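Before anything else, here's the structure in question.
Proteins get letters first, then strands, A, B, ... in listed order; numbering begins at 1 in each. Side chains included, hydrogens not; waters and symmetry mates left out as well; all remaining heavy atoms used. Given the structure is predicted, the values throughout are model-derived calculations rather than measurements.
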There are 2 protein chains.
Amino acid sequence: MPAAGKDTVPAKRLPTLEDVAARAGVSRATASRVVNADPRVGNLARTAVQEAIEQLGYRPNRNARSLVRPEADSIAVVVPEAEQTVFSDPFFAALLAAITQSLADSPVQVLLAMGQPGNSQKIERYLRGGYTDGAIVVSHHKDDHIWQVLHATKLPAVYVGRPYAGDVGIPYVDVDNRAGGTLAAEHLISTGRRRIGTITGPLDMAASEDRMLGWQQALQQAGLAADLMEHGDFTASSGALAMQRLLNRVPELDGLFVASDLMAVSAIHELQAAGRRVPEEVAVVGFDNTQAAQLTRPPLTTVVNPVGALASTAVEMLLKLLGGSQVEERVILGTELIQRASA
Amino acid sequence: MPAAGKDTVPAKRLPTLEDVAARAGVSRATASRVVNADPRVGNLARTAVQEAIEQLGYRPNRNARSLVRPEADSIAVVVPEAEQTVFSDPFFAALLAAITQSLADSPVQVLLAMGQPGNSQKIERYLRGGYTDGAIVVSHHKDDHIWQVLHATKLPAVYVGRPYAGDVGIPYVDVDNRAGGTLAAEHLISTGRRRIGTITGPLDMAASEDRMLGWQQALQQAGLAADLMEHGDFTASSGALAMQRLLNRVPELDGLFVASDLMAVSAIHELQAAGRRVPEEVAVVGFDNTQAAQLTRPPLTTVVNPVGALASTAVEMLLKLLGGSQVEERVILGTELIQRASA
DNA sequence: CTGTTAGCGCGTTCAT
DNA sequence: ATGAACGCGCTAACAG
């Protein structure tokens, strides 16, 4: 095999608008008009150009186009640094799949901008610079400041998950975490549980806070104590530890709402290790309805987190924004409880 | 609020090379040379330009640059249509995280090209067109034809996972699936099991085939029957069904290698539902070492699939390719068995 | 309706 | 060592 390096064979040059025009016997301007569906062009010329495009397999050069136009035909999916660890698996993959799916028919490309420890400038530089028409930001953390860049740039953007910072003037779509927490607690109450605890996510995330508040509200409304609370960070091990602490404090616990399925599975193992039967002695409700909920024993009763709908709604909103339409400041998706065997 | 639409405020124009040159009191050509580290420029002019760049916060315009240069400073992560469903969660997220991580210090952007049912042209168009410097393809399926495009384009590319089509002239990195299968079978044999079955993945994937072959080889070498085999498709439900079939055929089964953790968890549930104790009566070994392996009961003995290493190796190889260096046609990463309680 | 012209921001000869 | 001039592919005035 010959030495490596730049190819010497000048990869056959792609057809340009000039080529199309020449072949169709018109000027570049006319060809451009056809490509951009400008009505001011004769039928004869139009079909000639269209044929030429077909025969040459012409595609407009995106770079040249966005050099002279404001559009870039690309959107960025931004995952701030702080989320890296949290969005381990299921949520993120589903999100990306749904996003690309929603964009399948458009020429828009998806650019992935994941934050790195100590490197948010790379993302910011990209967001400025005008290489992208809009952004979908996946963020729930307190210390995310991407929104400031978006704000300064006036770049159309949509958050998936309520920004913790509050109303930052950027629309978002989220699941009704608070209602979900209430749903879980009410289910536990309705099955006769009276000493109901919760394992929350980290409280610097809006979702954690909301789920906890929903749980709290339901208990208070039922006249039950709402102080049986321990905090995790959405990882499995943190769920186990929180469970140990809670069980230590409240041996008579008979109901439990865990803010994520992953932590819930760990918590159930911990309960079983401590000799508690689930659901007979302690009923457990999770949150997310990930695959883990179905695969664990007993199968987990849990609150649905509709990731697919979140993603497609975000795309829909962003596309509206790009089209110049208004969108609601916030879209909150409903949720429901799926009853399995754990509660 | 006023009617929506294009902003009227002409978003402050970004500084151009022309601006830099003017401020430094030189010509655009000299400024360009400084930016591109061309040695042929005087020290005086150099520092002047550097200062101007600093003060103006100048960044080269990628579009303009790649209009006139072959590079695009972007790589594409390609997920062919067929993989969409299979690479549900853990693998994919880890892959993307590792890829962006490896690219953190370079100006290279990551473009996500996921296949859609009945739409591979969008990806192909992008790959041609020269908008990207290289590609990382995540594929194991038989009916992936992206490699033909890559081949025709001479676009530098690396596969993650051995292309099923065989040696297509594109380097790849993969885990040693065959050795993994052998490892699993040998472990079962060493613990005294004699009726050892397997649940495979879909056989139109290289990984499935290799894991099966490794299992087969170990059994034959030990003089054991290697025909206790059922096929799944890597989903949980397919694992359960395969387990039922196998148990029906071979009630005296005492050892089992399942080609993925997800299917293994389902298989274990199925075994338990049939009254078999794991591992006492049937020992089970999985593959992947995903989170599910640790969270199920009994915890799963499994073969490690080093996703992070796969991803970073792929990036490393691609960067070498982009730099004009040669890389090995294939890199096979070693694996190991993690013993937990299921076998 | 159509062609001519200018310019987007940049890299690169070719002179000097 | 530096600058003037050209062209990358395309869109958008401005004429006709």
Test item: Asn36(B) side-chain N/O and Asp38(B) main-chain N/O as donor-acceptor pair under 3.5 Å: no
Phosphate contact (dG3(C) OP1 or OP2) by Thr30(A) side-chain N/O below 4.0 Å: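 For Thr30(A), the contact criterion (side-chain N or O under 4.0 Å from OP1 or OP2 of dG3(C)) is met.
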Under-4.0 Å side-chain N/O to phosphate OP1/OP2 contact, Ser27(A) with dT2(C):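 So the side-chain polar atoms of Ser27(A) never come under 4.0 Å of the phosphate oxygens OP1 or OP2 of dT2(C).
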Distance-only donor-acceptor test (3.5 Å): side chain Arg59(B), base dG9(C):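 No such pair is found, so the answer is no.
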Atom-pair distance (CG on Asp38(A); P on dA13(D)), nearest Å: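 Answer to the nearest Å: 12 Å.
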Sugar-phosphate only, base, or nothing, as touched by Val68(B) at under 4.0 Å among non-hydrogen atoms: base
Under-4.0 Å side-chain N/O to phosphate OP1/OP2 contact, Ser32(A) with dT11(D):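 Yes, Ser32(A) has a side-chain N/O under 4.0 Å of OP1/OP2 on dT11(D).
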Separation of atom CG in Leu17(B) from atom P in dC8(D), rounded to whole Å: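 One finds 20 Å between P of dC8(D) and CG of Leu17(B), rounded.
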d(CZ, Arg33(B); P, dG3(D)) in whole Å: 8 Å
Under 3.5 Å: donor-acceptor pair, side chain of Ser32(A), backbone of Arg28(A):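 Looks like no, no N/O pair under 3.5 Å.
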Residue closer to the 5' end of DNA chain D, Pro60(A) versus Ala29(B) (nearest nucleotide): Ala29(B)
Sugar-phosphate only, base, or nothing, as touched by Val35(B) at under 4.0 Å among non-hydrogen atoms: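 Answer is nothing: Val35(B) stays at 4.0 Å or more from every strand.
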Sugar-phosphate, base or nothing in reach of Leu67(B), heavy atoms under 4.0 Å: base
Value in whole Å for how far the C1' atom of dC8(D) lies from CG of Asn61(B): 13 Å
Minimum-distance nucleotide (side-chain atoms of Ala45(B) versus dT2(D), dT12(C), dG3(C)):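 So the side chain of Ala45(B) is nearest to dT2(D).
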Contact under 4.0 Å: Thr16(B) side-chain N or O vs dG9(C) OP1/OP2: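 No, because none of the side-chain N or O atoms of Thr16(B) sits under 4.0 Å from OP1 or OP2 of dG9(C).
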Nucleotide dT2(C), atom C1' - distance to CG of Asn43(A) in whole Å: 14 Å
Distance below 4.0 Å between Arg65(B) side-chain N/O and dC10(C) OP1 or OP2: no
Lys122(A) (side chain) donor-acceptor with Gln109(B) (main chain) under 3.5 angstrom: no
Exam field: side chain Thr132(B) to backbone Ala76(B), donor-acceptor pair closer than 3.5 Å: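 Here the side-chain-to-backbone pair exists.
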Quiz item: Arg62(A) side-chain donor-acceptor pair to dG9(D) base, under 3.5 Å: no
Along DNA chain C (nearest heavy atom to each residue), the more 5'-positioned of Gly25(A) and Asn63(B): Gly25(A)
Side-chain N or O of Asn36(A) closer than 4.0 Å to phosphate OP1/OP2 of dT11(D): yes
Sugar-phosphate, base or nothing in reach of Arg40(A), heavy atoms under 4.0 Å: base
Between P of dA12(D) and CD of Glu71(A), the distance in whole Å: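 My rounded result for the distance is 9 Å.
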Polar pair under 3.5 Å, donor/acceptor by atom type, side chain Arg28(A), base dT11(D): yes
Integer-rounded Å distance: dT11(D) P and Asp73(A) CG: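 My rounded result for the distance is 11 Å.
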Donor-acceptor under 3.5 Å (Tyr131(B) side chain, Arg62(A) main chain): yes
Side-chain N,O (Tyr131(B)) to OP1/OP2 (dG9(D)) below 4.0 Å: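 For Tyr131(B), the contact criterion (side-chain N or O under 4.0 Å from OP1 or OP2 of dG9(D)) is not met.
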Sidechain-backbone polar pair: Thr153(B) side chain, Leu155(B) backbone, donor-acceptor under 3.5 Å: no
Distance, rounded to the nearest Å, where Glu18(A) contributes CD and dC10(D) contributes C1':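 Whole-Å distance recorded here is 11 Å.
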